[in-house]
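Worksheet: the structure to be examined is printed underneath.
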Number of protein chains: 2
Amino acid sequence: MSEKTRNRSERWHCGARRVCPKCIISNLLTSVFLVEGSGALAQQLTRNSFSMTVGQTLRREGDPFQGLILIRKGVLKTFMISEDGGEQIIDFRFPGELVGLSAMGTGEHMACTIALSAADVCLIRAEDLDDLCNTYPDVRRRLLELTAREVARREHLHQALCGTRAECRLAMALLNIAERLGVATVDHAISFQLPMARVDLAAYLGLTPETTSRQLRRWESHGWLHTRGRDFTIREPDVLHALASRHSSDEEGVHRLARGDSECQWSPDSGLGTDELAVNRR
Amino acid sequence: MSEKTRNRSERWHCGARRVCPKCIISNLLTSVFLVEGSGALAQQLTRNSFSMTVGQTLRREGDPFQGLILIRKGVLKTFMISEDGGEQIIDFRFPGELVGLSAMGTGEHMACTIALSAADVCLIRAEDLDDLCNTYPDVRRRLLELTAREVARREHLHQALCGTRAECRLAMALLNIAERLGVATVDHAISFQLPMARVDLAAYLGLTPETTSRQLRRWESHGWLHTRGRDFTIREPDVLHALASRHSSDEEGVHRLARGDSECQWSPDSGLGTDELAVNRR
DNA sequence: ATATGGGCTTGATTTATATCAAAGAGTCAT
DNA sequence: ATGACTCTTTGATATAAATCAAGCCCATAT
């Protein structure tokens with residue numbers, strides 16, 4: 001980076017290569033709460049921003065509700081500890097998403113939340129949230145809407161986890177993660193970095209890491225997917241979608257779709273694009 | 001019933017043997033939304049009350065959000081249809097509970113809801129809900145709180161469904177149902193009428209009716225439970241609680257508790273009373 | 001380079017639960 | 001009552017996924 005460019009970027013001007021935290025938060029707030037001109041408040045919120053290192057704990061079970069966390073960068077997981085010491089992953093949270101909605105009801109968190117990667121987050125304190133609601137009357141409505149969407153998303157998840165087999169759950173999860181990461185489809189393939197360890201992914205889906213691994217390798221042998229460590233490439237999104245929407249025995253459909261194995265040439269939009277879990281964002 | 005009594009009851013006076021629908025709704029509104037004096041609105045809402053027969057459909061997937069349903073009497077189920085035609089039960093709703101929260105986000109229901117028994121329900125239309133929110137500022141806050149609680153409840157459910165075996169899920173479900181029905185514990189035993197068919201209960205938990213049946217019979221053979229058709233009696237709530245909170249291998253605890261089989265005499269509060277799923281009510 | 005350790009894969013085996021099939025019990029209508 | 005339902009139980013079998021147990025890969029530290 002040239003000296004000149006760096007100088008410019010240090011002025012934190014918005015819209016450039018590097019943007020100021022205030023602007024990022026303002027933009028996020030705007031996109032999350034759908035209100036314009038929350039700049040002043042954003043400035044205030046900037047003071048509540050902080051970074052997290054890998055594995056750092058945001059909060060534990062039983063902690064009181066302090067406010068919502070807006071994720072600017074990084075991925076978090078929230079989980080409960082079962083008595084045998086195992087972690088039951090409740091959810092992963094991605095950039096642009098809010099953490100802590102469920103604690104608004106009781107005023108107490110019932111799960112632990114930690115960072116899976118280096119993360120930048122911003123605490124919207126309960127008081128500030130109230131201010132925001134008062135300044136912009138639509139915010140409370142919007143907050144209710146977001147929470148309701150969360151309920152809807154979890155209802156879909158219920159269906160996904162109860163009604164389906166490992167293969168199907170895993171396909172759903174991968175597609176959902178890719179979507180929430182906001183990765184683009186290039187050349188009919190989706191590449192992304194899996195933000196969590198496989199144990200976590202497995203625990204989230206109610207599976208063991210072994211089953212997860214086997215499933216992935218099977219897909220790899222079909223050429224539908226390629227993994228190298230945490231680098232994932234979904235080579236055949238359509239096949240994965242088909243697997244994800246397959247609720248029980250329907251070997252037919254998938255293999256009809258996958259005929260020709262490694263490199264197939266069906267029309268790009270085969271009408272199979274159900275987005276099962278993709279309900280939490282607008 | 002004597003002529004005199006009937007006359008009295010026909011005057012619908014509150015607090016007596018029979019109470020007027022308006023008062024019930026008013027009381028429900030008060031207890032649900034935690035506001036006093038919603039009598040006037042209750043009167044308006046009474047006009048939106050109606051009864052449902054067994055199996056009657058309240059709404060289908062894709063129907064637009066009209067408003068919230070407050071259940072006065074009866075039990076409803078909401079479910080999605082998977083492509084193989086099977087029903088995936090998302091949830092059961094009991095008297096005093098609201099139906100439709102999840103549709104507030106998208107404005108569209110993504111599941112079908114039908115009555116499992118004869119039911120009396122009351123539609124709180126979206127517009128009336130807005131009125132209510134404007135008249136009583138706390139109502140919107142309360143509504144948000146209720147929705148957040150719903151998220152929390154579903155998060156617990158995720159843990160329950162993912163991390164546990166059939167036995168555990170079933171124990172949880174029965175205890176949860178008993179609690180939501182509001183049945184009392186008499187003589188250290190809990191009796192209630194199961195509001196749904198076993199297929200439904202099984203589908204809710206991601207099990208088959210066969211597994212459910214076998215599990216129940218096993219408990220019956222231990223004397224922990226008695227069923228006759230839909231009449232359930234939990235004879236040993238403590239044992240069931242222990243089973244429900246047991247997330248993996250812990251044969252120990254349960255059998256320590258159940259020593260003596262049919263009729264045991266441990267102290268009533270053995271510290272095992274976790275209320276896993278009991279998060280939705282206050 | 002060589003060790004060390006965590007996460008991932010792989011194989012052999014077990015187990016819980018689904019599936020298939022059929023018989024019993026309860027309920028309703030004729 | 002009798003038959004025609006639906007719902008539930010029960011048994012035999014199949015299967016998906018868990019468990020147990022190494023071994024492998026890769027990154028980091030020595």
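Reckoned from all heavy atoms, side chains included, excluding hydrogens, waters and symmetry mates. In what follows, chains are A, B, ... by sequence order, proteins preceding strands, each numbered from 1.
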Check: Salt bridge between R154(A) and E150(B), side-chain N to carboxylate O under 4.0 Å?
Finding: no
Below 4.0 Å: OP1/OP2 of dG7(C) and any side-chain N or O of R230(A):
no
Separation of dA16(D) atom P from L170(A) atom CG, nearest Å, is 16 Å
**Asked** Cut-off 3.5 Å, side chains only: do D238(B) and H188(B) have a donor facing an acceptor?
**Response** yes
Atom CG of L207(B) and atom P of dA17(D) are separated, to the nearest Å, by 15 Å
Taken to the nearest whole Å, CG/D200(A) to C1'/dG7(C) is 11 Å
Polar contact flag, side-chain donor to acceptor under 3.5 angstrom, R93(A)-T78(A): no
- Tell me whether the OP1 or OP2 atom of dT9(D) has a side-chain N or O from R198(B) closer than 4.0 Å. yes
Practice task
Give the intermediate values and the outcome of ring-ring contact (aromatic ring centres under 6.0 Å, His included) for residues H226(A) and F232(A).
Solution key: CA-CA 6 Å; H226(A) 176 71; F232(A) 276 61; 9.3 Å; no
Exercise. With respect to the phosphate group of dA18(C), does any side-chain polar atom (N or O) of R214(B) fall under 4.0 Å of OP1 or OP2?
Worked result: no
From CG of L205(A) across to P of dA18(D) the rounded distance in Å is 10 Å
note: R165(A), atom CZ; dT17(C), atom P; distance rounded to Å ~ 17 Å
R228(A) CZ to dG7(C) C1', in whole Å, measures 15 Å
- Query: Can you find a side chain N or O atom of T211(A) that sits less than 4.0 Å from OP1 or OP2 on dA18(D)?
  - Reply: yes
Checking dG11(D), dC26(D), dA21(D) against the side chain of E210(A) (C-beta onward), the nearest is dA21(D)
Between CG of D231(B) and P of dA25(C) the distance, given in whole Å, is 17 Å
Between CD of E167(B) and P of dT15(C) the distance, given in whole Å, is 16 Å
Strictly below 4.0 Å: does T208(A) bring a side-chain N or O up to OP1 or OP2 of dA18(D)? yes
For the residue pair S82(B) and Q88(B), confirm or rule out a side-chain donor-acceptor distance under 3.5 Å.
no
